[in-house]
Amino acid sequence: MNDFSFYSPTRFEFGRGVTDAVGTVLAAEGYRRALVVYGEGSAVRAGTLDRVKRSLEAAGIETVELGGVRPNPEIGLVRRGIASARENDVDIILPVGGGSAIDCAKAISLGTPYDGDVWDFFRKRATPSDRIPLACVLTIPASGSEGSNSCVISNDAEHLKCGVNTDLNRPVIAFMDPELTFTLPPYQTAAGATDMIAHIMERFFSGEPAVGVTDNVACGLIRAAMKAATRVMDDPDDYDARAELMWIGTLAHNGLAGCGMAVPSGRDGDWTCHGLEHELSAFDTSITHGAGLAVIFPAWMRAVWTEHPERFLEFGKQVFDIEPVDPEEDGIDIEPELAVGYAVEATIDELQEFFVSMGMPASLNELGVREEDIDALIPGLEINRGATFGSFKVLTLDDAREIYRSAL
């Protein structure tokens, strides 16, 4: 087990009705003026935003609103939010929504006390050193932003989608009411579950040796996510399944599933698949992050598994109960290396079949990406990840092109 630092300072208020306690909890912590950040309509249509505002008003907390956060949030709205936060002297940023609203709010939180342009943080021209405190009301379990140190923002003018990781991004309080997720469309639910699983796999496939306790945590969370997601697709009002999925999303990305798996660079995982997908949703902002991952992850796995087949065998055994045949024990005339390969390919197939069974795409073509688009993805990838990248297996930009092609 490698050395690690695990930090999870967020207070989680989890359960039925916590949406109506937001004001009481925040007021008790001394907050008096909130910038409420939300998306393009779902929080309004479902009545969640009104519930939060009533709760804040009843507790004596003044509110300023910033609506219109899109999927793959854009830097322009972040800049508007920073100006509003400064003008109104807010003391808490409160997103109501999923990962996009929360990431937009995180960027506002970092940028408000900063003298320069907040985009500096995402282009690695500056390092955050302060913030306005952030709480959140989670409505879409997926990104794990409610407990993570990460934030990803798009810049349409530069055709980039970049992230910044800092513990300043971690919310002080996360309000998590599973009942808010009952009305999520099936596609959004499936994309969210895919994103959770991908967060865990990025850490499991870090390229580092096995860590028994962390491997069991990681694979147990993936099994639980698959089971809960299947139940939710069958019965959207299954509270227990919704609750499990919401909590899994948090544990998938707060660092727990990567303890002891950090690579020499300090990253708690490989993150190549996220890097490859971010270029897709920067190229076409209508591509849902989880849907892109459903295509990219199996393609990456097929390209790299021979580097550390033992990790794929462990993953297949724990998640899908797949093991290589034993030629001697089973009386089968097959080379051991082939048996391993068959087991790994079966594992990757099972994973992709699960994603497809949930309504996720199996190819980039289904997302509207064509071979002639691939070259447009590479410049952003080089800016964000460099000319070579990856800890499970070091890849080049040409390798990335081949992975994209194989996913068509």
Does Phe355 have any ring-ring contact (aromatic ring centres under 6.0 Å, His included) partners at least two apart in sequence or in another chain, and if so, which?
none
Nearest 0.5 Å, please: how far is CG in Leu94 from CD1 in Ile173?
9.5 Å
Does the side chain of [X] come under 3.5 Å of the side chain of [Y] through a donor N or O and an acceptor N or O?
{"X": "Ser286", "Y": "Asp284", "answer": "yes"}
{"X": "Thr166", "Y": "Lys106", "answer": "no"}
{"X": "Thr396", "Y": "Asp399", "answer": "yes"}

is_close_aromatic(Phe392, Phe204), centroid dist under 6.0 Å:
no
Side chain to side chain donor-acceptor pair (under 3.5 Å) partners of residues 60-81, not counting sequence neighbours, each pair once
Arg33-Glu62, Tyr38-Glu65, Lys53-Glu65, Arg70-Asp156, Asn72-Lys161, Arg79-Asp117
Can you name the nearest heavy-atom pair linking [X] to [Y], along with the distance?
{"X": "Ile108", "Y": "Val78", "value": "CG1-O, 3.6 Å"}
{"X": "Thr214", "Y": "Leu256", "value": "CG2-O, 4.3 Å"}
{"X": "Asn254", "Y": "Ser8", "value": "ND2-OG, 3.7 Å"}
{"X": "Ala142", "Y": "Gly192", "value": "CB-CA, 3.3 Å"}

Could you point out which residue of Cys104, Ser109, Pro171, Cys136 forms a side chain to side chain contact (heavy atoms under 4.5 Å, CB included) with Ile93?
Ser109
Asp321 atom CG, neighbour heavy-atom count above 12 within 6.0 Å:
no
Residue list, side-chain contact (heavy atoms from CB on, under 4.5 Å) with Phe4, at least two apart or on another chain
Met1, Phe6, Cys259
Under the criterion side chain to side chain contact (heavy atoms under 4.5 Å, CB included), I'd like the reasoning laid out for Phe297 against Gln352: C-alpha separation, chi angles, the key distance, then a yes or no.
CA-CA 9 Å; Phe297 230 114; Gln352 188 157 39; over 6 Å; no
Pairs where residues 171-192 contributes a residue and the test ring pair (Phe, Tyr, Trp, His ring centres under 6.0 Å) is met, not counting sequence neighbours
none
Please assess His253 against Trp271 for the test ring pair (Phe, Tyr, Trp, His ring centres under 6.0 Å), listing each intermediate value before the final yes or no.
CA-CA 12 Å; His253 202 34; Trp271 300 103; 5.6 Å; yes
Could you walk me through whether Phe283 and His159 satisfy the ring pair (Phe, Tyr, Trp, His ring centres under 6.0 Å) test, starting with their C-alpha distance in whole Å, then the side-chain angles of each, then the deciding distance to 0.1 Å, before giving a yes or no?
CA-CA 7 Å; Phe283 172 77; His159 303 287; 8.9 Å; no
Under the salt bridge (Lys or Arg N to Asp or Glu O under 4.0 Å) definition, can you give me all pairs with a residue in residues 285-305, not counting sequence neighbours?
Arg302-Glu345, Arg302-Asp349
In terms of side-chain geometry, is the basic nitrogen of Asp237 or Arg242 positioned less than 4.0 Å from the acidic oxygen of its partner?
no
Going by atom type alone, with no hydrogens or angles, which donor-acceptor pairs under 3.5 Å involve a side-chain atom of residues 125-134 and a protein atom two or more places apart or on another chain?
unit_1 : atom_1 : unit_2 : atom_2 : d
Arg125 : NE     : Asp120 : OD1    : 3.3
Arg131 : NH1    : Leu168 : O      : 2.7
Arg131 : NH1    : Arg170 : O      : 2.7

